[in-house]
Asks: 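Starting off with a structure, shown below.
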Amino acid sequence: TTSSIDDSDAGAINELITRIQHLFFEGQSSRQTFEVILDDLLAITQTPYGLIGQLKARSDGSQYIKMMALTNLSWDIESRELYEATERRGMEFDVADNLIGKPILEQRTVIYEDSRDSHIALPKGHPHLTQYAGVPIKLGNRIIGLLGLANRPKGFSEAWLETLEPVLTTVATLIEREHLKQQERALYHQLQLANNVDSLTGLPNQSALVTHIERLTTAYTGSRDDTC
């Protein structure tokens with residue numbers, strides 16, 4: 001079994017929580033914020049690989065994990081190109097019976113000691129995982145995200161992972177804020193459509209046409225002023 005975090009690590013954990021709180025109030029982009037958190041958490045726990053993901057649902061009810069921060073694990077040209085192409089918008093993984101999905105499906109921390117275990121499905125050529133821990137991130141009793149850690153030389157135990165709970169609680173507030181921001185953007189988009197698109201024809205309505213004409217008039221007037 002793996003021992004709990006020692007006093008020096010506990011101090012680093014507290015410093016990380018304070019830093020997360022500062023990032024929360026500074027209003028940095030979610031991508032930068034979660035990358036900083038993951039990098040610091042990996043350094044404190046001496047873990048080479050990790051991920052932080054947000055649990056989301058599609059309109060059909062199916063769930064998936066959107067990566068907020070992820071260690072680059074590309075192992076060949078194809079996987080590297082895939083990582084680079086999707087890293088900016090955030091990789092997405094369906095919640096299924098695998099490394100990513102199992103902690104969500106079973107609603108508990110899942111620990112694997114060796115990725116050669118027949119229960120772990122990894123793509124061909126994927127780097128060997130000697131240990132992996134998937135920890136649901138909860139807001140109250142509701143799972144809203146996932147922390148994944150891999151290949152820690154000292155291994156993982158549930159007792160050791162429980163020492164990270166204060167960090168995960170703080171991270172949960174950031175994930176929830178991101179969720180609320182996403183809802184706000186979606187609502188704004190819906191209101192824009194409702195205000196500017198005819199519900200029967202799907203074409204721009206009178207309000208949208210008036211706004212468009214006003215913009216053209218302003219641009220034309222401005223260009224004439226510049227030439228005078």
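When reading the values below, keep in mind they use all heavy atoms of this one structure, side chains included, and skip hydrogens, waters and symmetry mates.
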Asks: Can you list the residues that meet the side-chain contact (heavy atoms from CB on, under 4.5 Å) rule with Glu158, with sequence neighbours excluded?
Replies: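 With neighbours one apart ignored, the set is Ile111.
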
Asks: How many angstroms lie between atom CD1 of Ile44 and atom CG of Leu16, to the nearest 0.5 angstrom?
Replies: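 Here the rounded value is 4.5 Å.
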
Asks: Drop me the distance from Ile65's CD1 to Leu70's CG, to the nearest 0.5 angstrom.
Replies: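 Between atom CD1 of Ile65 and atom CG of Leu70 there are 12.0 Å.
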
Asks: Just so I know, are the side chains of Arg177 and Leu174 near enough to count as touching, which here means a heavy-atom distance under 4.5 Å?
Replies: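 Yes, close enough: below the 4.5 Å cut-off.
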
Asks: Set out, in order, the CA-CA distance, both residues' side-chain angles and the distance that settles side chain to side chain contact (heavy atoms under 4.5 Å, CB included) for Lys66 and Phe93, then state yes or no.
Replies: CA-CA 7 Å; Lys66 180 175 181 179; Phe93 296 89; over 6 Å; no

Asks: Identify the two heavy atoms, one from Thr71 and one from Pro48, that lie closest to each other, and give their separation to 0.1 Å.
Replies: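 Smallest heavy-atom distance, with atoms named: CG2-O, 3.8 Å.
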
Asks: Taking the side chain as every heavy atom from C-beta outward, state whether Met67 and Glu92 have any pair of such atoms under 4.5 Å apart.
Replies: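 The answer is no, as the side chains (C-beta and beyond) never meet within the 4.5 Å cut-off.
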
Asks: Measure from the side-chain N and O atoms of Thr47 to the backbone N and O of Ala43, and report whether any donor-acceptor pair falls under 3.5 Å.
Replies: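 Side chain of Thr47 to backbone of Ala43: no pair is present.
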
Asks: Which residue pairs pass the salt bridge (charged side-chain N to carboxylate O under 4.0 Å, His left out) test with at least one member in residues 41-52, sequence neighbours excluded?
Replies: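 Qualifying pairs, neighbours excluded: none.
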
Asks: Can you tell me how far CD1 of Ile37 sits from CD1 of Ile17, rounded to the nearest 0.5 angstrom?
Replies: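 Spacing of CD1 (Ile17) from CD1 (Ile37) equals 11.0 Å.
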
Asks: Under the side chain to side chain contact (heavy atoms under 4.5 Å, CB included) rule, what do Val36 and Arg19 come out as? Steps first, then yes or no, please.
Replies: CA-CA 9 Å; Val36 168; Arg19 186 172 185 182; 3.5 Å; yes

Asks: State the CD1-CG distance between Ile175 and Leu168, to the nearest 0.5 angstrom.
Replies: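 Answer for the CD1-CG pair, Ile175 versus Leu168, is 9.0 Å.
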
Asks: Do Trp160 and Arg152 make a side-chain contact, defined as non-hydrogen atoms from C-beta onward lying under 4.5 Å apart?
Replies: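 With C-beta onward as the side chain, the pair touches.
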
Asks: Quick one: closest heavy-atom pair of Pro136 and Pro103, and the distance?
Replies: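 Heavy atoms only, the tightest pair is CG-O, 3.5 Å.
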
Asks: Gln63: what forms a side-chain contact (heavy atoms from CB on, under 4.5 Å) with it, not counting sequence neighbours?
Replies: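 For Gln63, the residues satisfying side-chain contact (heavy atoms from CB on, under 4.5 Å) (neighbours in sequence not counted) are Leu55, Val95, Ile104.
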
Asks: Does Asp94 have any salt bridge (Lys or Arg N to Asp or Glu O under 4.0 Å) partners at least two apart in sequence or in another chain, and if so, which?
Replies: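 Per chain and number, Asp94 pairs via salt bridge (Lys or Arg N to Asp or Glu O under 4.0 Å) with Arg58.
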
Asks: Distance from Met68 atom CE to Leu51 atom CG, nearest 0.5 Å?
Replies: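 Rounded to the nearest 0.5 Å, the CE-CG separation comes out at 12.0 Å.
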
Asks: Using modelled atom types and a 3.5 Å cut-off, is there a donor and acceptor pairing between side-chain atoms of Thr163 and backbone atoms of Ala159?
Replies: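 It does not hold such a pair.
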
Asks: Is there a side-chain contact between Val167 and Val171, using heavy atoms and a 4.5 Å cut-off?
Replies: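 Yes; the side chains approach each other to less than 4.5 Å.
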
Asks: Would you please test Phe156 and Thr109 for side chain to side chain contact (heavy atoms under 4.5 Å, CB included) and show each step?
Replies: CA-CA 11 Å; Phe156 302 107; Thr109 295; over 6 Å; no

Asks: Pair Leu42, Tyr49 - check side chain to side chain contact (heavy atoms under 4.5 Å, CB included), show working.
Replies: CA-CA 7 Å; Leu42 295 182; Tyr49 306 125; over 6 Å; no

Asks: Just list the side-chain donor-acceptor pairs under 3.5 Å for residues 139-151, sequence neighbours left out, or say none.
Replies:
from, atom 1, to, atom 2, distance (Å)
Arg142, NH2, Glu176, OE1, 3.4
Asn151, OD1, Thr130, N, 2.8
Asn151, OD1, Thr130, OG1, 3.3
Asn151, ND2, His128, O, 3.3

Asks: Atom CG in Leu41, atom CD1 in Ile13: separation rounded to 0.5 Å?
Replies: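 Separation between the atoms: 6.0 Å.
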
Asks: Hey, any chance Ile100 and Tyr64 share a hydrophobic cluster, counting ILVMFWY side chains that come within less than 4.5 Å of each other, even indirectly?
Replies: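 No, Ile100 and Tyr64 fall in different hydrophobic clusters.
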
Asks: Using the test salt bridge (Lys or Arg N to Asp or Glu O under 4.0 Å), find all partners of Glu165 that sit at least two apart in sequence or belong to another chain.
Replies: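 Scan of Glu165 (salt bridge (Lys or Arg N to Asp or Glu O under 4.0 Å), adjacent residues dropped) gives none.
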
